[in-house]
Participant: 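Let me give you the structure first, and then I'll get to my questions.
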Amino acid sequence: MSSSRRQYPFHLIESKWQQTWEQQQAFRAFNPNDEIPANHPFAVRHNLSGKVAATQLPPKFYILDMFPYPSGAGLHVGHPEGYTATDILARYRRAVGYNVLHPMGWDSFGLPAEQYAVKTGQHPRVTTEANIANFTRQIKSLGFSYDWSREIATTDVEYFKWTQWIFLKLYNSWFNPETNKAESVETIEFPSDCTTEDAKRAYRDAKRLAYVSEAPVNWCPELGTVLANEEVIDGKSEVGGFPVIRKPMRQWMLRITAYAEKLLADLDTIDWSDSLKEMQRNWIGRSEGAEVDFYVIPSGYIGKPEAIRTLYEQLLNNRSTLLEDSLQKVKVFTTRPDTLFGATYLVISPEHKLAPQITTNDRRIEVTRYTEFATTKSDLERTELAKEKTGVFSGGYALNPVNGEVVQIWIADYVLASYGTGAIMAVPAHDERDFEFARKFKLPIKPVVRPVYGDNFMLELPGDGPNPNYDELEERYFLHPELYYGQTLPFVMQGINGRSRNLEISLDGNSTAEAKKKITAWLEARGLGKKTINYKLRDWLFSRQRYWGEPFPIVWKKGPDGQSYHEALPESSLPLLPPTLEDYKPTAGGEPPLARAKDWLNLPDGSVRETNTMPQWAGSCWYYLRYTDAKNAQAFVGKEVDNYWMASNGKAAGVDLYVGGTEHAVLHLLYARFWHKVLFDLGYVSTPEPFYKLVNQGLILGEDGQKMSKSRGNVVNPDDVLVEYGADAFRLYEMFMGPLQDTKPWNTKGVEGVYRFLGRVWRLFVDEKSETAFEQAETTAEPSQRGELLDLILLDGGITDQHATPAQLKALHACIKKVTEDLDGMRFNTAISAMMVFINEAMTWQTKPLSVMKPFLQLLAPFAPHVAEELWARLHATFGQVATSLAYAPWPKYDAALLVESEIEIPVQVNGKFRDVIKVAVDADNATIEAAAKVAEKAQPFLAGKAIKKVIIVPKKMVNLIVG
RNA sequence: GCCGGUGUGGCGAAAUGGCAGACGCACAGGACUUAAAAUCCUGGGACUAUAAAAAGUCGUGCGGGUUCAAGUCCCGCCACCGGCACCA
């Protein structure tokens, strides 16, 4: 293909306009009170200059791309898909009259640069900067209208200074349940028994939004670091796919769970796709239910039913503090308290803190063996071996609080320590997991919920016949479960309770919803349980054992009692830089690499620095805020600036449009929302949500329909495409492939198609002879002089300043309408096809009026800005007009009156089948249409000899003749 | 298993319940050319029929339904993609 003739001299045009834009700073966005140069195209368009207050600026539009990690591999064609879409919209919004903020930057902390450093000793900053330079070159070559004056990298010292500053805010805050928001830890009130400074400190430290935990974590030996739950997929690391094991370690955690409810509820206020919201909802995993107390029966009572009966009655009726204190209780969480009468055993997780106490001596050896087996299992083993349930009887028993029944307490790893209370009541008749476990270990199954008659599918046994006696069936169902559960699954859906009564309360006959309410109220009244909400969401594991990340502004000190405790560095000490190292590996003792720098590590006062660093997500949690005020040295973002760019703009609040890949559906997007909400609570930002509208671009597959990857050898490099077809064709093709959100395969032939389209546009505007002359001159010219050769190309003589014909105006205005509406709906592919339709028609015109050709270039400009600018400039020059910057020229409006036809074609159907088309006046009445339809030529064979029974006319749409 | 999404020509796709396949790719034929490339013009869902045309029948994953009329709405399936997955 490279041997073929260029469709048009994009190689000269594109670099020319990219330089022009850069010199003009054409896409610089102005903050309130910025000094706006009078000759800047934005100032010219809006008639502004000098310092302009927020109220005098045009309305803002903040349109954001997910910033990339600058990898060594460079850009692939997936990156520019979203970037092109946002660039088109940014350019469109500028033309419509908004003050557009459209920035770009780098998520530049990350593992690959560090791994390279471990291997070669080259500082990660050097690698990172080289990669950023390459990414910048590639992105700039696509002609995106970013405001590069706001470029940031998370690895910039001036940037991560503020990342550390935000961490200090998290550290120094707690979530006050009374006010339902984050506040300074100064507002914590200490309980009366908290008297010493040590006790107060411990109390406060346990409340902070950033806290230290000793919990078991996901340790990846290969990567030498811990990972967040979200970074572990099927027991393997998301990065690299290495095995991950559970290991208790001291780690920093962020209390995102405090925001579970807000993160969930506020999804309703933002414009994200249903699937994305659903992913976040699932991840947060809210479930309503009840916590119920099961008292553990002291071993002395076992085998003495009367004594147990008495104990139960005491608990129920005159529970004393004394009794309460002397008994252990297992707190369970259930979403189905209505099935409490069907609870036939308890299960606690192997890590449950009561496990050793509940276990009886005769069972201890077996229990210990099992517990060790279960807790050392890696997550990988847990998921892979999940098929078969395992567990062991503890030897202990508990009382079912609703009926005093004695139930066994089992230990099994199908109950997770980290969810709910780490213990469950098992209702095998109505829960698949419990059912499976009960069958394996021969535990009792007691049905207490039956299906609703009518949609019932399980009450009937073979031979029950067509008209079963439901009373009989119900009795058999509840009293003889063995008849049913041998052949069916447990009944896990909602239904009607039965066999669910004690002396005080009966759920029999109640629906599941009623029964839940009733039993929960009873439990609460009796002090045996309470309504509870649980979340799957866990706190965010925030520390990594790495070098190339933000160091924590934290030091460790030793108290008088020898206990070490942490303390924050003052804000004035920020930024805290990482030390210089020769060797980036973890220490021999397994300490993070920062521990190698002894000078850095140990402070003169004897305190020791925290050696963990923050995860890569930290920097991306707030970069969108920094863009609004990238150079602010006093604050992470200025109040007035935040108010202008992030505050409510009509309906939207926050970033108006955010485009990126689905891979960040629950990680980045949840973390960023969380930080934003904390900053909002603390009064630093003006909106509760960061991103109003969010769109995920679809994946671009290789030409073979497979995911692009180096190993498959199907990666398309944008650089190669650009050399061949130019940036405008590349942009156009990325958008023409199909809907932005869809997954779609790359097809180089498709690029040629849009490239040809641009060629037709070009030839519509320029004189062919002059272009031939240009091409000949170019073959002999020095490369440095080629730019000037463009002047040899002349405008086509058919373009004149004359009145347009109605047909020409119609073609233009139909195009304006379609492109405008499609841009508003982000339907780029159909907008492009509308422009193709226009060009196909314009190719047939003898004359090309300026008044039609100019607006068309404006429509084309957001998609193919280089060629549009070039032709725009030529049009103006040729007709002696001053060329205003196309980027800021007001968007054309369509005139609906020009689109009205005098005569229209209407399809004629006979009995709903299309038969012919009739031409009628646009304002023809129904009688006229009916008459025309009845004589439509091609409809005659279907009308012959039949009576017309009914005529359906949809004005301007169709006519349907119904014959008998 | 659960949740979300998608199924339309050889391919990417388009269609407020109203002429299915716009636009583009690939393909075929033609014009220009010594020739090719590029460009321009024309054609095209399948089937039946025909010398050719006119024409007809069928057709949007499958099976039902609503409607004068269904790719579009409803019910029940199937397949593929993405996410979650012992979360009680």
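Sequence lines set the chain letters: A, B, ... in the order given, protein chains first and strands last, and positions in each chain run from 1.
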Participant: So, is A/R6 near the phosphate of B/A38, with a side-chain N or O under 4.0 Å from OP1 or OP2?
Facilitator: no
Participant: Do the side chain of A/R538 and the main chain of A/K536 share a donor and acceptor less than 3.5 angstrom apart?
Facilitator: yes
Participant: Which nucleotide in the list B/A88, B/A26, B/G83 gets nearest to the side chain of A/S287?
Facilitator: B/A88
Participant: In dot-bracket form, 5' to 3', how is RNA chain B paired? Count Watson-Crick and G-U wobble pairs only if both distances fall under 3.5 Å, and write | where the partner sits on another strand.
Facilitator: (((((((..(((.....[....))).(((((.......))))).((((......))))..(((((..]....))))))))))))....
Participant: Heavy atoms under 4.0 Å is the rule here; annotate nucleotides 10-21 of chain B 5' to 3' with B where the base is hit, S where only the sugar-phosphate is, and - elsewhere.
Facilitator: --BSS-B-BB--
Participant: Using heavy-atom distances to pick each residue's nearest nucleotide on RNA chain B, tell me which of A/D434 and A/A834 is more 5'.
Facilitator: A/A834
Participant: For A/Y894 and A/T820, does a side-chain donor sit closer than 3.5 Å to a side-chain acceptor?
Facilitator: no
Participant: Within this structure, what is the CD-to-C1' distance between A/E278 and B/C2, rounded to whole angstrom?
Facilitator: 11 Å
Participant: Can you see whether A/D822 engages A/T830 through a side-chain donor-acceptor pair at a distance of less than 3.5 angstrom?
Facilitator: yes
Participant: Determine the interatomic distance between P on B/G10 and the same-named atom on B/G21; round to the nearest Å.
Facilitator: 15 Å
Participant: Anti or syn, where syn is a glycosidic angle within 90° of 0; which label fits B/G9?
Facilitator: syn
Participant: Which sits closer to the 5' end of RNA chain B, A/N840 or A/A423, going by the nucleotide each is nearest to?
Facilitator: A/N840
Participant: When you compare B/G45 with B/A13, how far apart are their C1' atoms, in angstrom units rounded to a whole number?
Facilitator: 15 Å
Participant: Give the ring-plane orientation class for A/F437 versus A/Y345, where under 30° counts as parallel, over 60° as perpendicular and anything between as tilted.
Facilitator: parallel
Participant: Which of parallel (below 30°), tilted (30 to 60°) and perpendicular (above 60°) describes A/W762 and A/Y8?
Facilitator: tilted
Participant: Is there a donor-acceptor contact under 3.5 Å linking the side chains of A/E703 and A/T748?
Facilitator: yes
Participant: Short question: side chain of A/D431, backbone of A/D434 - any donor-acceptor pair under 3.5 Å?
Facilitator: yes
Participant: Looking at A/Y419, does any N or O in its side chain come under 4.0 Å of the phosphate oxygens OP1/OP2 on B/A88?
Facilitator: yes
Participant: Students often get this wrong, so: under 4.0 angstrom with heavy atoms, is A/Q7 touching a base, only sugar-phosphate, or nothing?
Facilitator: sugar-phosphate
Participant: Has the side chain of A/K536 got a donor or acceptor atom sitting under 3.5 Å from an opposite partner on the base of B/C84?
Facilitator: no
Participant: Over all strands shown, is A/G285 touching base, sugar-phosphate only, or nothing at heavy-atom distances under 4.0 angstrom?
Facilitator: nothing
Participant: Measuring only the P atom in each nucleotide, how far is B/A46 from B/G82? A whole number of Å is fine.
Facilitator: 33 Å
Participant: Does any donor atom in the side chain of A/S287 or A/Y419 lie under 3.5 Å from an acceptor atom in the other side chain?
Facilitator: yes
Participant: Is there a side-chain polar atom (N or O) of A/R763 under 4.0 Å from OP1 or OP2 of B/A38?
Facilitator: no
Participant: Would you tabulate the nitrogen or oxygen pairs shorter than 3.5 Å linking the protein to nucleotides 54-57 of chain B?
Facilitator:
from  : atom 1 : to     : atom 2 : distance (Å)
B/U57 : OP2    : A/R915 : NH1    : 3.2

Participant: Measure from the side-chain heavy atoms of A/R760 and tell me the nearest of B/A88, B/A26, B/C40.
Facilitator: B/C40
Participant: With ring pair (Phe, Tyr, Trp, His ring centres under 6.0 Å) as the test, pick out the partner of A/Y733 among A/F757, A/Y755, A/Y725, A/W746.
Facilitator: A/W746
